[in-house]
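Each ligand, and each atom within it, is numbered from 1 in the order the structure gives. Any value given below was found using the heavy atoms of this structure, including those in side chains, with hydrogens, waters and symmetry copies removed.
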Amino acid sequence: MYCTEMALHTDKYQINMIYAHWLNGTHLKQTVFEAYFRKLPFGNGYAVFAGLERIVNYISNLQFTEEDLDYLAMQEENYKPEFLDLLRNFRFGGNVYSFEEGALCFPNEPLIRVEGTIMETQLVETALLNFMNFQTLIATKASRIKSVAKDDVLMEFGTRRAQEADAAIWGARATYISGFDATSNLLAGKIFGIPTKGTHAHSWVQIFDSEDEAFDIYARALPDQVSLLVDTFDTLESGVPNAIKTARKLEAMGKRLGSIRIDSGDLAYLSIKARQMLDDAGLPYVKIVASNDLDENTIFNLKAQGARIDSWGVGTQLITAADQPALGGVYKLVEREHNGEMEPTIKISGNPEKVTSPGKKDVLRIVSKESCKCIADYVCFPHEKQARTGGNLRLFDPMHPYIKKTVKDYEAIPMLQPIFERGELVYDLPALEDIKAYHTQQLDMFWPEYLRKLNPEIYKVRLSQEAWELRQRMIEERLSLHEEEGR
Ligand SMILES: Nc1ncnc2c1ncn2[C@@H]1O[C@H](COP(=O)(O)OP(=O)(O)OP(=O)(O)O)[C@@H](O)[C@H]1O
Ligand SMILES: O=P(O)(O)OC[C@H]1O[C@H](OP(=O)(O)OP(=O)(O)O)[C@H](O)[C@@H]1O
Ligand SMILES: O=C(O)c1cccnc1
């Protein structure tokens with residue numbers, strides 16, 4: 001999973017651009033790129049940033065192997081041997097700033113900023129977006145599920161339905177960051193230290209001549225608190241009564257049945273009935289696990305119906321982010337070196353949402369000192385002092401200039417942390433438990449209206465006046481240049 005040979009995990013056009021720059025003598029010019037997304041997934045009010053650990057690992061090990069170079073030498077582009085020598089000696093020597101994993105994040109703010117030569121910044125784009133987009137998407141989906149499951153136990157069961165192994169493993173980690181309690185995937189458990197849990201499959205029951213024999217043998221073989229799957233034949237007529245029989249035998253042995261799992265049928269009705277049967281049998285401690293294509297909406301509905309479910313096994317819908325299978329994070333050039341100086345650059349689009357914000361930017365999270373809740377994210381240039389020194393801060397919505405607000409008495413928290421400086425890793429990757437705790441602290445800093453699952457309030461992300469004016473000026477300059485060229 002920590003595959004270290006990932007230099008070719010990039011789109012061919014990156015290598016071709018670097019090649020053309022090299023032939024042109026421009027591959028060492030300095031650049032600044034920013035990674036961000038434009039639209040929140042699932043109609044959620046926030047996203048949960050994830051992917052940094054893998055990005056750090058990728059950049060730290062970024063090196064072309066001899067096999068990589070042999071493979072590149074075979075390409076139809078016929079790269080010159082001197083270019084392959086350049087790649088052979090390549091090491092990332094740039095700067096990376098990033099949100100920390102577990103942070104809440106929002107559209108149109110830089111989540112990662114990469115500064116370096118064209119060769120460095122262009123080479124890492126594809127992998128960086130690949131890791132950030134997938135892990136952030138799954139962490140966000142998991143956070144929605146956590147918001148409805150609340151203190152119930154959440155188990156990630158998605159591996160068999162995931163888009164291959166990497167998605168299963170890193171996806172499991174992303175769900176743990178956002179509040180899942182365990183995964184069924186042992187490799188994810190081993191690599192990341194995530195607690196692992198499991199029940200048993202229908203095949204376990206089918207293999208025996210009777211369900212009660214299957215339950216007894218399983219419960220005897222495994223330690224205390226085993227979980228039995230009760231829906232192979234008939235949940236209420238056979239599964240639950242047989243599980244009760246096994247539970248009684250376990251009690252006689254000084255052990256306890258941990259839970260039953262229901263995986264089909266009407267989960268509200270069956271769980272209510274099963275709870276009653278377990279309680280009537282003097283087994284109030286036996287918990288009920290549910291699974292079967294669950295997501296935040298089914299869990300929310302089941303709870304509204306009074307389902308007596310203590311623990312949720314969630315697979316397909318979560319690990320594939322089935323209702324929105326991709327986060328559209330992009331990586332855009334915001335500054336370039338020109339005549340030895342760094343200057344801002346813009347990408348214009350017919351779609352106003354796609355016009356980029358020129359210039360390298362920081363993100364400050366503006367937090368009220370009175371309520372300790374977040375007010376807005378403020379995107380400004382590194383040299384802008386106003387927000388950093390706590391001066392009165394004017395937040396305005398450029399699309400609706402009448403919407404403005406001045407904030408006082410706030411703290412401005414820088415969200416982009418230094419990760420690499422001149423190629424050196426300067427960031428201590430936090431332990432996964434600390435990332436999980438940081439995510440909970442982040443949630444506590446937002447009013448519930450931004451966190452609700454349906455039609456949340458839109459959290460403000462505001463460009464500073466200076467950043468906004470530069471953007472407007474560059475749009476106008478571009479348009480008049482375009483008009484002149486058209487003449
Ligand atoms: N009371 C309920 N309210 C809302 N949704 C439910 C309820 N009970 C179960 N569901 C959900 O409805 C869907 C049922 O799907 P499906 O019809 O395939 O399951 P099933 O009847 O158990 O069949 P199978 O045995 O093939 O799994 C699942 O997503 C399940 O989580
Ligand atoms: O429904 P999901 O959210 O994806 O959760 C994972 C599913 O995987 C298993 O089913 P499967 O039919 O693959 O195996 P089984 O024979 O053990 O039930 C399990 O019983 C869940 O239903
Ligand atoms: O342990 C389980 O019950 C489990 C694990 C993976 C997928 N479905 C169920």
Side-chain angles (χ1 to χ4, degrees), residues 138 141-142 144-146 148-149 152-165 167-169 171-172 174-176 180-189 194-208 211 214-215 218-219 221-223 225-240 243 257-276 286-323 325 453:
I138 301 303
K141 182 77 179 164
R144 280 171 72 75
I145 295 172
K146 173 70 181 171
V148 296
D152 298 348
V153 174
L154 280 171
M155 296 179 289
E156 186 280 311
F157 278 177
T159 298
R160 63 191 58 198
R161 308 271 147 64
Q163 270 80 350
E164 262 276 8
I169 305 282
T175 70
Y176 190 64
F180 270 60
D181 298 284
T183 176
S184 60
N185 187 303
L186 284 169
L187 185 53
I194 305 172
T196 53
K197 277 192 194 297
T199 70
H200 67 74
H202 294 105
S203 61
W204 173 263
V205 176
Q206 290 167 259
I207 224 109
F208 293 92
E211 193 177 48
F215 284 174
Y218 196 67
L222 283 135
Q225 302 293 334
V226 81
S227 182
L228 299 173
L229 176 61
V230 292
D231 74 334
T232 305
F233 305 122
D234 187 320
T235 300
L236 299 181
E237 291 298 320
S238 148
V240 178
L257 178 62
S259 57
I260 59 166
R261 175 164 73 99
I262 310 172
D263 186 49
S264 58
D266 183 329
L267 296 172
Y269 173 77
L270 292 174
S271 65
I272 291 166
K273 288 284 172 197
R275 180 73 272 152
Q276 181 115 48
V286 176
K287 305 271 190 238
I288 300 180
V289 181
S291 53
N292 190 11
D293 223 20
L294 295 169
D295 66 5
E296 64 274 34
N297 300 318
T298 42
I299 295 175
F300 184 79
N301 268 287
L302 287 164
K303 281 176 165 280
Q305 293 166 48
R308 299 295 305 275
I309 294 164
D310 307 287
S311 172
W312 309 87
V314 190
T316 314
Q317 296 293 325
L318 167 62
I319 208 70
T320 65
D323 48 339
K453 204 167 58 69

**Q** Closer than 4.0 Å to some heavy atom of Asn292 - which atoms of ligand 2 meet that?
**A**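 Going through ligand 2 atom by atom, the ones under 4.0 Å from Asn292 are 1 (O).
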**Q** Check ligand 2 against Ala201 and write out every atom of the ligand that is under 4.0 Å from a heavy-atom position of the residue.
**A**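 Listed by number with element: 17 (O).
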**Q** Please write down residue, atom name and distance for the protein heavy atom closest to atom 8 (N) of ligand 3.
**A**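 Closest protein heavy atom to atom 8 (N) of ligand 3: Phe157 CD1, 3.7 Å.
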**Q** Mind checking the CD1-CG spacing from Ile288 to Asp152? Nearest 0.5 Å is all I need.
**A**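 Separation between the atoms: 12.0 Å.
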**Q** Determine, counting only non-hydrogen atoms of the protein, whether one lies under 4.0 angstrom from atom 31 (O) of ligand 1.
**A**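 For atom 31 (O) of ligand 1 the answer is yes, since some protein heavy atom falls inside 4.0 Å.
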**Q** Within the side chain of Glu211, is there an N or O that forms a donor-acceptor pair under 3.5 Å with the backbone of Gly239?
**A**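 Side chain of Glu211 to backbone of Gly239: a pair is present.
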**Q** Decide whether an N or O pair under 3.5 Å exists between His200 and ligand 3.
**A**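 Min N/O separation from ligand 3 is not below 3.5 Å for His200.
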**Q** To the nearest 0.5 Å, tell me how far Ile169 CD1 sits from Leu186 CG.
**A** 9.5 Å
**Q** Just verifying a value: how many Å separate Arg261 CZ and His202 NE2, rounded to the nearest 0.5 Å?
**A**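 Here the interatomic distance stands at 6.0 Å.
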**Q** Going by the order shown, which atoms of ligand 3 are within less than 4.0 Å of some heavy atom of Gly198?
**A**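 Atoms satisfying the 4.0 Å criterion: 1 (O).
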**Q** Measuring to protein heavy atoms, does anything land under 4.0 Å from atom 20 (P) of ligand 1?
**A**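 Yes, because at least one protein heavy atom sits under 4.0 Å from atom 20 (P) of ligand 1.
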**Q** Could you tell me the residue and atom name of the protein heavy atom closest to atom 14 (O) of ligand 2, and the distance to it rounded to 0.1 Å?
**A**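 Looking at atom 14 (O) of ligand 2, the protein heavy atom closest to it is Arg160 NH1, 3.1 Å.
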**Q** Minimum heavy-atom separation for Ile319 to Ala168, with atom names?
**A**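 Ile319 and Ala168 have their closest heavy atoms at CD1-O, 4.2 Å.
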**Q** Is it the case that over 12 heavy atoms from other parts of the model lie below 6.0 angstrom from the CD atom of Gln305?
**A**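 Yes, enclosed.
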**Q** So which of Thr316, Asp293, Asp263, Asp295 gets nearest to atom 22 (O) of ligand 2, if we judge by its closest heavy atom?
**A** Asp263
**Q** Nearest to atom 16 (O) of ligand 2 by heavy atom, Gln206, Glu156, His202, Arg261: which?
**A** His202
**Q** Considering only the protein, which heavy-atom contact is closest to atom 4 (C) of ligand 1, and what is its distance?
**A** Gln305 NE2, 3.8 Å
**Q** Relative to atom 6 (C) of ligand 1, which among Asn301, Asp266, Leu302 owns the nearest non-hydrogen atom?
**A** Leu302
**Q** Tell me the closest heavy-atom pair linking Leu229 and Ala201, and the distance in Å.
**A**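 For Leu229 and Ala201, the tightest heavy-atom pair comes out as CD2-C, 3.5 Å.
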**Q** Does any N or O in the side chain of Tyr176 come within less than 3.5 Å of the main-chain N or O of Pro195, such that one atom is a donor and the other an acceptor?
**A** no
**Q** When you measure from atom 26 (O) of ligand 1 to the protein, is at least one non-hydrogen atom found at a distance under 4.0 Å?
**A** no
**Q** Checking a contact table here: which protein heavy atom is nearest atom 11 (C) of ligand 1, and how many Å away?
**A** Thr298 CG2, 4.2 Å
**Q** Rounded to the nearest 0.5 Å, how far apart are CH2 of Trp312 and CG of Asp181?
**A**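 Answer rounded to 0.5 Å: 13.5 Å.
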**Q** Does Gly315 reach ligand 2 with a nitrogen or oxygen that is under 3.5 Å from one of the ligand's nitrogen or oxygen atoms?
**A** yes
**Q** Could you name the option among Gly265, Ser291, Ser264, Ala307 that has the heavy atom nearest to atom 9 (C) of ligand 1?
**A** Gly265
**Q** Does a donor on one side chain sit under 3.5 Å from an acceptor on the other, for Ser291 and Asp263?
**A**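 The answer is yes; a qualifying pair exists.
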**Q** Look at atom 8 (N) of ligand 1 and say which protein heavy atom is nearest, naming residue and atom and giving the distance to 0.1 Å.
**A** Leu267 N, 2.9 Å
**Q** Out of Asn292, Asp295, Thr316, who is nearest to atom 14 (C) of ligand 1 when you count heavy atoms only?
**A**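 Heavy atom nearest to atom 14 (C) of ligand 1 belongs to Asn292.
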**Q** Does Asp295 use its side chain to pair, donor to acceptor, with the backbone of Thr298 at less than 3.5 Å?
**A** yes
**Q** Considering non-hydrogen atoms of the protein only, which is the closest contact for atom 1 (O) of ligand 3, and what is the distance?
**A**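 Atom 1 (O) of ligand 3 sits closest to the protein heavy atom Thr199 N, 2.8 Å.
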**Q** Hey, does Gln317 sit under 4.0 Å from ligand 2 if you only count heavy atoms?
**A** no
**Q** Looking at Lys273, I want to see if its NZ is surrounded by more than 12 non-hydrogen atoms of other residues, nucleotides or ligands under 6.0 Å.
**A**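 For Lys273, atom NZ is not crowded (no more than 12 foreign heavy atoms under 6.0 Å).
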**Q** Could you give the distance from CD1 (Ile262) to CG (Leu236), rounded to the nearest 0.5 Å?
**A**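 These two atoms lie 7.5 Å from each other.
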**Q** Measure from the side-chain N and O atoms of Arg144 to the backbone N and O of Lys453, and report whether any donor-acceptor pair falls under 3.5 Å.
**A** yes
**Q** Checking contacts now, so for atom 17 (O) of ligand 1, which I'm interested in, is there any protein heavy atom under 4.0 Å?
**A**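 No; the ligand atom in question lacks any protein heavy-atom contact below 4.0 Å.
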**Q** Please list, in number order, the atoms of ligand 3 under 4.0 Å from a heavy atom of Arg160.
**A**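 By the 4.0 Å cutoff, the relevant atoms are 6 (C), 7 (C).
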**Q** For ligand 1, is there an N or O atom under 3.5 Å from any N or O atom of Asp263?
**A** no
